[in-house]
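These notes are about the structure you will find just below.
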Amino acid sequence: MIQNQILQNPIPEALRPELEARIEVDTYSRPVIVLYWSTSLFWLTFATLAGLISSIKLHSPGFLGGMEWITFGRIRPVHWDTAIYGFGGLAASGTLLWLQARLCQIRLPFRELLLVGCVIYNLGIAVGVVGILMGQSTGVETLEFPLYAIPFLVIPYVFIVIANFNMYWRKATKHTYVSQWYLMAVTVWFPILILSAEACTNFGAVDGVAQAIANWWYGHNVVGLFATPTGIAAAYYLIPKVIGKPIHSYHLSLLGFWSNAIFYNWAGTHHLTGGPLPAWTITLGVVGSLMMFIPVITIGINHHMTMLGSFHYLKTSPTLRFAVMGSMCYTLSSFQGSLEALRSHQEVTHFTHYTIGHVHFGMYGFFAPLMFAMMYYAMPRLTNQEWSSARLIRIHFWCTLVGMLLYVLAMCFAGIRQGLMMNDPSIPFLNIVKFTVPFLMLRTLAGLILLTGTIAFLINFSRMLTRHTFTYSTPTLFTSNRRWEDILEKEKELTSKQILDGGQGA
Amino acid sequence: MNRTLLLILGIFLTIASSVTGLVIIPNWQFQELKPVVKNEGQQFPAPYEGEAAQGRRVYIDQGCIYCHTQQVRMKGYGADIRRGWGTRRSVPRDYIYDRPHQLGTMRTGPDLANIGGRQPSSEWHALHLYNPQITSPGSVMPRFDYLFTEVTEPSQLTNLAVKVPVGSGRVTHIIPTERGQSLISYLTRLNQSYPFPEANQ
Amino acid sequence: MSEATPTGGAPNEVTPPNPDAIFALHSAAMREASEPRDGIKPTPVSYLIMCFFWVLFGGWYMGYYSGEFRANGLNERAVGGPLAAAPPQNPMVLGKEIFGPCMQCHQETGLGVPGSYPPLVGSEYVLGDKRRLVAILLNGITGDLVVKGKTYNSQMPSWKLREDEEIAAVLTYIRASWGNSADSVPTNLVTTIRKELGDKGGWDAKSLAEFAESKPAAVTPVEAQATK
């Protein structure tokens, strides 16, 4: 069998310590990371369904009508909160812990604590969702979870911060890789971010317009200082790892990291352009967004130059394809975002579906594919199994790409037209609403495509957890014809004894 | 270890600077904003009290903010004023009693900063909330029919009852529930008509 | 999904017959490249200079649009004096624009909602006495109102906060749209009636009728012109 094939080529002595360390690290991380990622996928599916329901409700208001708990104004925040805290938070935490353990070459500490934390966190999101559906939303965008859900979300994060610092302090490697800078940044930023924002809004430290500023400072930074750094850390890890080349330039990494750190957290107030704010606060947001060109171009160059000459790997490697899609969308959506912040641009697109299109470009074009890439890469290492079906990976990839593009293009186009019409007072408001309806239907279609991709991924992922697919020694690539049926055939060939052993004694 | 400390200190400083610049300083600046009190004791803006405060809670729990803003942009920037959503731009002073704020970022529906001045009729709001198609055919707003009791028998009528136009089946009138009534009184109270001097910019 | 975590059977707890079997089991971890490293390609100096100038531009932009960093500096462009007065607009164009919020009740077609909101098309209030029409718009009207033989019971808000020119334009617009064809409402008429009404509250059908029958206050056209 395969095992024998591998053993036919003896392992070079020089490589042994590295391989042993890597295997040990992965074996230790396994229960924690798999739990974080599998629950994150549950929330991804949940969020996609909630988004689909809100999308349908927006062009057919009678859909599931008459039920107060699922009215648009409740299911819409449930969609965003489960997407960002449920999927985003859990997928990013899993990524953070696995990457940090691997890059520090150290066993994941406090495993029990982290497992308990994951359960608490999931409970917290469930409690928050029920709270919103019951009408107890706080009414502050992206911080809608009722106050009683907050401890559930904060305590697990404390565990993650402790584990992360612990690993970094005891790391076995001398060098700090660029991904680790981003991971450390996330661990410092996020607690400060959420605690200041909660204090200012839901705990009522400030009122009125100051609260709106704090709200959007947070609303933008939860994407910018939590999702983005984790996504970039994943890209910095996966791209060189898969193609087996070093990152193009350490200096560019340095420039990209610090300019990102300095400028991103000022950008939030562009969400309130034209609002009753002192001009300087909005201008700060605009400048912060414009300055983002520096880190985005720097990181873009760094990734592109690393990839240069290795683009042919995209034909075969699922991990790389998702990672490169994520990196490219990072550059494009950040460009879009920087330009969108300008006052002249906001005059048209603010308050329209354009913003919604941009958010999904960032979250589903950049962040989510990088998390998927991370899972495609790490899961075989964590579970010692291969992905069962290449076709399902293909479906997942193309659904993600096509669904996301359709969504973004439909919403951005509709948003621009909607904004131009709104600025022409001779057009009755209801005509604008009627104009957007076909685009809202396109969005539902895009949502369905994304849901199909998610389901394909879920099937592949759950097979990895429930079925033994160890009979393969080669990775599942886009070029392989691996099918689920083959595995069943293979399993029949094996004796029941071998299956019970899990192949370990071969 | 020095480099590690430097890294963490740098990361901390970046966020500390934006907390200071975007959260602490604006809030400190806004301390000087006080309401205008006229001789008759009337105050602009006035705090939300009683039914209106309750209605604000309903506005929040129904998630109106996801489709409606409460902010009027200045003359010459967008067409807010020309669309009749307000007679002047909104200023920070309009919001000093807003907790949580409901500025909003989406205009799937029109702005509501002055809806009380533009549409003071409780009856209109009742019909519109009960079934938006009655007053705004083609609207994508959901029905909030659960905030109303439907009346089919004349004996059930109260003085709050609102007549429903023909074509609503057996229902002849609707009576707002307590929550429906408070939401309507909040909406009819929304008005930024007081001409603060800083609005003329 | 969430419970489906493989926990039991960590491979290193099994004693493999072959010491290298542990590697065999981790074929995925075996085949990968070493942990990523940093390359040392330098950053082009020209790129750094461009970044530097971009930051300089950001600083200039911040200062230029700062509104002097005041809490009440709401308009980042308020640098010169007050804006020049806008030239008079075509009342039909302006009126259509102003009509936007009116559509909530009177609808885009001007037909209103049967039983609730009276039509503007063919309405005696719209096509008749201009003075009465201006008065309705300025102060609003509440209660039973008979229009074209049908009774409507509702509430119309006061639109007093709009400019005289805007009120005149929207009235001119409704008097000449959807088949209505009455003459235009001059701006100075609105000015005059606004002065005459002063702080008066909203109308009902009765007080409005009294007002319409009363004589117009003695404002000569010359004076009206002067107030404009």
Side-chain angles (χ1 to χ4, degrees), chain A residues 57-59 61 65-66 68 71-74 76-77 135-141 181 184-185 188-189 192-193 196 200-201 204 206-215 217 261-262 265-266 268-269 271-272 274-278 281 284 347 351-352 355 422-425 429-430 433-434 437, chain B residues 3-4 7-8 10-12 14-19 21-23 26-27 29-30 60-67 69 71 73-74 77-79 82-84 89-92 94-103 105-110 132 136-146:
Chain A
K57 274 173 172 281
L58 212 49
H59 56 73
E68 181 173 8
T71 188
F72 178 82
R74 292 191 184 171
R76 152 76 177 70
Q136 290 167 5
S137 154
T138 61
V140 180
E141 280 181 84
W181 308 341
M184 291 317 289
V188 176
W189 282 333
I192 300 179
L193 196 61
S196 335
C200 285
T201 56
V206 301
D207 292 328
V209 172
Q211 196 181 76
I213 300 176
N215 181 191
W217 169 78
I262 291 168
N265 49 42
W266 294 94
T269 44
H271 285 270
L272 294 161
L277 274 72
T281 53
L284 252 182
E347 184 176 1
F351 304 132
T352 70
T355 322
M422 269 207 270
N423 287 350
D424 178 354
F429 195 86
L430 273 174
V433 173
K434 286 171 199 156
V437 165
Chain B
R3 289 183 68 117
T4 306
L7 175 74
I8 289 166
I11 292 168
F12 176 76
T14 54
I15 195 156
S17 64
S18 76
V19 175
L22 285 177
V23 180
N27 187 43
Q29 270 199 338
F30 289 140
I60 290 165
D61 91 46
Q62 297 299 323
C64 306
I65 191 180
Y66 300 104
C67 291
T69 52
Q71 46 175 315
R73 297 188 283 180
M74 67 179 174
Y77 190 74
R82 293 168 74 203
R83 272 193 179 276
R89 67 165 300 156
S90 304
V91 297
D94 287 317
Y95 302 94
I96 49 181
Y97 295 112
D98 281 22
R99 174 189 286 198
H101 81 95
Q102 291 288 297
L103 286 182
T105 50
M106 189 69 195
R107 281 182 182 164
T108 306
S136 319
S139 163
V140 294
M141 179 165 137
R143 291 181 65 168
F144 294 94
D145 43 2
Y146 42 78

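Just so it is clear: chains get the letters A, B, ... in the order the sequence lines come, proteins before strands, and each one is counted from 1.
Note that CZ of B:Arg107 and CZ of A:Phe429 are 8.0 Å apart. Values are rounded to the nearest 0.5 Å. How far CD of A:Gln136 is from CD1 of B:Ile60: 13.0 Å, rounded to the nearest 0.5 Å.
Among A:Ser196, A:Cys200, A:Ala210, the residue making the largest number of heavy-atom pairs under 4.5 Å with chain B is A:Ala210. Heavy-atom pairs under 4.5 Å with chain B peak, among A:Thr138, A:Val437, A:Val140, A:Thr355, at A:Thr138.
Using a 4.5 Å heavy-atom cutoff, the side chains of A:Asn265 and B:Thr14 are in contact. Contact of the B:Tyr66 side chain with the A:Glu141 side chain is registered, since non-hydrogen atoms from C-beta on lie closer than 4.5 Å. Residues A:Trp217 and B:Val19 have side chains in contact (heavy-atom distance under 4.5 Å, counting atoms from C-beta outward). Contact of the A:Leu272 side chain with the B:Leu103 side chain is registered, since non-hydrogen atoms from C-beta on lie closer than 4.5 Å. Under the 4.5 Å side-chain criterion, counting only non-hydrogen atoms from C-beta, A:Asp207 is not in contact with B:Phe30. Residues A:Ile192 and B:Phe12 are in side-chain contact: their nearest non-hydrogen atoms beyond the backbone lie under 4.5 Å apart.
Heavy atoms of A:Leu430 lying under 4.5 Å from chain B belong exclusively to its side chain. Using a 4.5 Å cut-off between heavy atoms, B:Phe144 contacts chain A through its side chain alone, with no backbone atom that close.
The shortest non-hydrogen separation linking B:Gln102 to A:Gly139 is NE2-O, 2.9 Å.
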